Each structure stands twice: as C-alpha cells, then as structure tokens.
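Note that the structure is predicted; figures quoted are calculated from it, not measured. Sequence positions, counted from 1, serve as the residue numbers for this chain.
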Amino acid sequence: MGTAKTDVARRVRQALTRMANRQALGSEVSDQTTSDDLARAARGYLGDAQILIASNREPYQHVQTPSGIEVVRSPGGLASALDSVARATGATWIAQGAADADRLVCDEEGRVRVPPGNERYTLKRLWLEPETRALEYRRFCNGCLWPLCHIVYVRPHFVAPRWRAYQEVNEQFAEAILSSLGARPGLVLLQDYHLGLCASALRARRPDLSIVMFWHIPWPNREVFRTFPWRRELLEGLLACDLVGFHIQYHATNFLDTVAQELESHIDHERFAIRRRGRKTFVRTYPISPDAAEISLAASEPWAARGAEQVREQLRLGDAQVVLGVDRLDYTKGIPERIAAYEHLLENHPELRGRVAFIQIAVPSRVDLPEYQSLAVTVEELTARLNRRFGSADRPAIHLITRNLGFRDLIPYYVLADVAVVSALHDGMNLVAKEYVAAKVQLDGALVLSPFTGAARELDQAIQASPYDTEALAAAIGRALTLDTAERARRMRAMREVVAGQNIYDWARKILRDARRLHLVSGAPRPGASR
C-alpha cells in the first residue's frame with residue numbers, strides 16, 4: 001500500500017509539474033521533458049550504475065556572514081543547469097570546495113547533502129592543496145587551455161610546472177571519484193576542460209567504468225591545437241572516455257581532425273567514432289540548454305515584476321528602453337565591443353539619447369591573471385567615457401554592475417530588458433542567451449546574438465551581428481530597439497519553442513540514452529531488455 005501511495009503521489013507531482021511548465025511556457029511546449037522523466041530514464045538506461053558528476057566548480061557554496069553560514073547557489077548557467085540534472089537523478093557531484101565555510105558543513109569525507117531544505121543529492125568536496133598547486137592548476141586552465149580553445153587573439157601561456165599541477169589535480173579528482181564509487185558500477189560524467197586527464201587515471205584503475213566527457217567550450221582547429229606542447233597527452237586523456245560530447249558539430253569535427261593529425265588511430269567518419277589501441281571512443285553533439293520551465297515560472301511570479309520595477313527605480317531609468325548585457329568579465333564575451341557598438345549607436349542616433357539605458361552586468365572573473373585585470377580596467381574606462389559623452393549625473397547612459405548576481409537576482413533584469421545583447425567573440429554555447437529567452441514570458445524582448453556562439457545555430461530568430469563589426473552590431477541593437485510589437489513577439493515565440501523543446505533534462509537524457517544504446521554502461525540493461 002505504501003508503494004502504491006508513493007507511486008500515485010509521484011504521478012500527481014509529475015502532472016502538476018507538466019501543468020506548471022505549460023502555463024509558464026504557453027504554446028511553446030507540448031510535452032517537455034521533466035525532472036521526473038529524466039529520473040525514470042536514468043533508472044531504465046543505467047540499471048544499478050551510480051551516476052557521478054565531476055566538475056571544477058561546485059553547485060552550492062557555504063559562506064560565512066555576520067548572521068551565520070549561508071548557502072549560495074553558484075553563479076553561472078552551467079552550474080545551475082547541471083544542478084537540475086543532479087537533483088533529478090540523485091547523482092553524487094564531486095567538485096572543488098572554494099568558499100570559506102565549505103569545510104564546516106561537510107562530514108569527514110567532505111560530503112554534504114544539497115540543495116538545502118530539499119536535499120536531493122550528495123555534494124562531495126575536495127580541497128586542492130597546497131595552495132601553490134591549486135594556483136598553478138587554475139592558471140593552466142584559465143591561462144592556457146581557455147585561450148587556446150577560444151582563439152580570440154590572447155596568447156596561451158605554456159608553462160611546464162602549471163601542466164604538472166594540472167596532471168596532479170586530475171589525479172586528485174580521479175581518487176575522489178573512485179573513493180565515492182567503491183566497487184559499484186558507475187557512469188562518470190566529467191565536465192569541461194578542467195578534467196581533461198581524469199579519464200586516463202580512472203581507466204587505469206577501473207577499466208570497467210563508463211566515462212563520458214562533455215567539453216563545454218570550443219575545440220580549436222588542428223593547426224591551433226598543434227601549438228599546445230602536451231597535445232598528445234591531452235588527447236590520450238580524452239580518448240580514455242567512452243563518449244566525448246560537444247555543443248555543436250563544428251567543434252566535434254575539429255576534434256576528429258585533431259586526433260587524425262596527432263595520433264595513430266582509425267577515424268570512423270560514418271559513426272563519428274575513434275578507434276585507438278583496441279578502444280573505441282564515440283564523439284557526439286548535445287546542445288545544452290537551461291531549465292526553461294524553472295526560469296519561465298520564476299519570471300511569471302509577481303516578485304519578478306516587482307524586482308524589475310525596483311531596478312528601474314534604483315537606477316533612475318524612467319521610461320527608457322533597456323538594453324542588457326550579462327557576462328562574466330572575460331575577454332571572450334565581447335564586452336568592450338558591445339560598449340563600442342552602443343556608443344556608435346548613440347553617436348549616430350541622437351534621438352535615442354536619454355530614451356535608452358544600457359545595463360552591463362560584468363561578474364569579476366580570474367582576477368589573478370593580467371589579461372583579466374586589463375580587461376576590467378578597459379571596461380571601466382569605456383563606461384566612464386560613454387557616460388561623459390552621453391550621460392548625466394541623473395541619468396547615466398550605461399550602468400556597470402560588477403558583482404555576483406545569483407539566479408533569482410538575475411530574473412528581474414531579464415524581465416526588465418527590452419533587448420539583450422550577447423556579443424561573444426567565441427563561445428561553446430552561451431546559456432545567457434537561452435536564459436533571457438526563457439524569461440520573456442510576455443514575448444516582449446529581442447535578442448541580439450553573435451554568430452560566434454553555439455546558441456546562434458539554434459536561435460536563428462535572434463538578430464545576429466558580428467561583434468568584430470562595430471557598425472553592424474550598432475545597427476543590430478538599433479533594429480532590436482525599434483522592432484514592432486508583432487515581429488518582436490513572433491521572433492521571441494519561435495526562440496522560446498527552441499529553448500522549451502531542448503531543455504537541460506532533454507540534454508541529459510540524450511547523453512544517458514546514448515551511453516546505454518552504444519553499450520557503454522557496465523551492468524545496464526541492453527536496448528530491448530526487460531527489467
């Protein structure tokens with residue numbers, strides 16, 4: 001009887017979730033995958049195999065405040081999106097502990113249940129020690145791999161001690177994964193370029209493990225990758241995985257071309273697979289999206305509208321149209337190019353001065369690297385110049401916000417903005433673009449999008465313009481501001497159909513489906529098998 005009641009409660013909860021999704025997303029979604037759908041798929045695809053997610057960044061941070069320890073949801077679309085996956089599947093998430101109270105809430109194994117108040121999965125933290133190694137690891141990831149893969153004219157720093165730190169930290173992550181699994185079968189989902197060598201360490205000790213790597217940033221062409229001194233070692237690390245995923249086909253093709261050039265292997269172009277030394281690694285594309293229903297529901301709540309009005313009052317925006325940028329303060333995001341385009345727009349359209357306001361949220365990032373320090377200075381100088389030229393003490397032309405804003409804090413800005421500008425110079429996907437679309441439940445926004453983002457492949461109803469062409473980007477912003485109501489709604493509705501139809505649960509379910517279909521998961525039921 002208890003089991004029957006539980007099953008009924010689950011079905012009721014699932015029905016209510018679907019109703020809420022449809023209410024928030026309107027006609028854009030007919031049968032969107034829910035967290036319950038993903039949970040059921042995980043059980044069916046993986047059987048008894050445990051899911052482990054490993055990433056450099058943790059989904060939640062515990063921080064000391066005057067009133068005690070508070071839990072903060074980590075900023076960034078990736079952490080937020082994967083948190084939804086972990087909650088649905090009950091995965092164990094392994095990540096670096098970074099906040100000042102993280103150790104205080106963990107058990108002796110570094111574990112804590114999250115989210116607070118609705119505990120759905122285990123977060124296992126590890127601490128990179130000594131600090132010198134942790135610093136060198138961060139500098140290798142952010143000062144070498146990041147610019148190498150993004151190709152935006154910032155030279156990667158190839159420093160051997162930093163490479164050795166990267167090797168050591170990947171070993172440390174592997175140890176944490178193995179200790180969490182014990183002898184159980186497992187599917188390990190490695191996340192991003194921070195863990196490029198982890199699969200090799202896992203495979204050496206647990207050859208039965210199923211390992212998937214998702215590379216969230218671009219993969220460069222083979223000529224660029226040739227400059228990387230440890231290219232063979234990194235490729236060997238990735239080929240220790242059963243499945244390597246990218247956001248778009250172009251990056252997957254670049255990866256195959258790179259392997260073909262650097263390693264003796266057989267490339268199966270028909271099946272998109274690589275065979276080397278008796279092992280086969282499949283390569284696939286899975287465009288990631290946020291939890292569109294969660295964002296749409298939040299944007300539909302009264303507090304979101306109140307928050308938008310509070311922002312308008314606090315920044316003294318009056319009845320001005322609002323242009324919004326939301327980014328980490330990173331040189332790949334095209335923030336100076338965006339400000340230059342906005343300045344060009346005001347130069348050539350004086351009628352817009354005072355009638356349009358620009359809000360740029362630029363979250364500080366990697367402040368120990370000189371390239372990022374220089375970028376911060378440049379953005380501040382460009383902001384000051386723009387306000388001197390076209391703003392006033394009462395009404396600045398641009399508002400620069402350089403602090404962390406959590407998921408809930410960002411929603412009012414999305415609701416408020418008439419136009420969002422995503423002008424990345426090179427991006428694997430860019431979840432901000434999709435988050436903005438998910439938040440525009442009234443169909444009252446317009447998106448200006450760089451073609452150098454993965455999102456541009458899907459959101460073809462955005463107004464696309466190159467950030468390298470100041471005049472074209474300025475014209476795109478101007479056009480977005482002057483779209484008539486009907487065209488604005490038509491474009492936004494079409495983009496919301498895309499975002500609603502490919503949410504984070506779809507992304508995760510396709511990866512789990514392929515892991516089962518390609519016979520990668522030890523102990524999982526095979527296709528067609530009954531359970």
Parallel under 30°, tilted from 30 to 60°, perpendicular over 60°: which one fits the rings of Y331 and Y372? tilted
Anything under 30° is parallel, anything over 60° is perpendicular, the rest tilted; go ahead and classify W163 against F228. perpendicular
Pairs involving residues 53-72, ordered by first then second residue, that meet ring pair (Phe, Tyr, Trp, His ring centres under 6.0 Å) (sequence neighbours left out): none
Sort out for me which residue in N503, T89, T33 forms a side chain to side chain donor-acceptor pair (under 3.5 Å) with R509. T33
Rounded at 0.5 Å granularity, tell me how far CG in L238 sits from CG in L243. 12.0 Å
Check whether the side chains of D330 and T332 place a donor and an acceptor atom closer than 3.5 Å, and report yes or no. yes
Which atom pair, heavy atoms only, marks the closest approach of L256 to F272? CD1-CE2, 3.4 Å
Under 3.5 Å, is there a donor-acceptor pair linking the side chains of S35 and R87? no
Exceeds 12 heavy-atom contacts within 6.0 angstrom, atom OH of Y250: no
Should the ring pair Y436 and Y414 be called parallel, tilted or perpendicular, given that the plane angle runs from 0 to 90° and is split at 30 and 60? perpendicular
So Y137 and Y166, would you call those rings parallel, tilted or perpendicular, with 30° and 60° as cut-offs? parallel
Can you list the steps and then say if E458 with H247 is a side-chain contact (heavy atoms from CB on, under 4.5 Å)? CA-CA 11 Å; E458 300 175 272; H247 288 301; over 6 Å; no
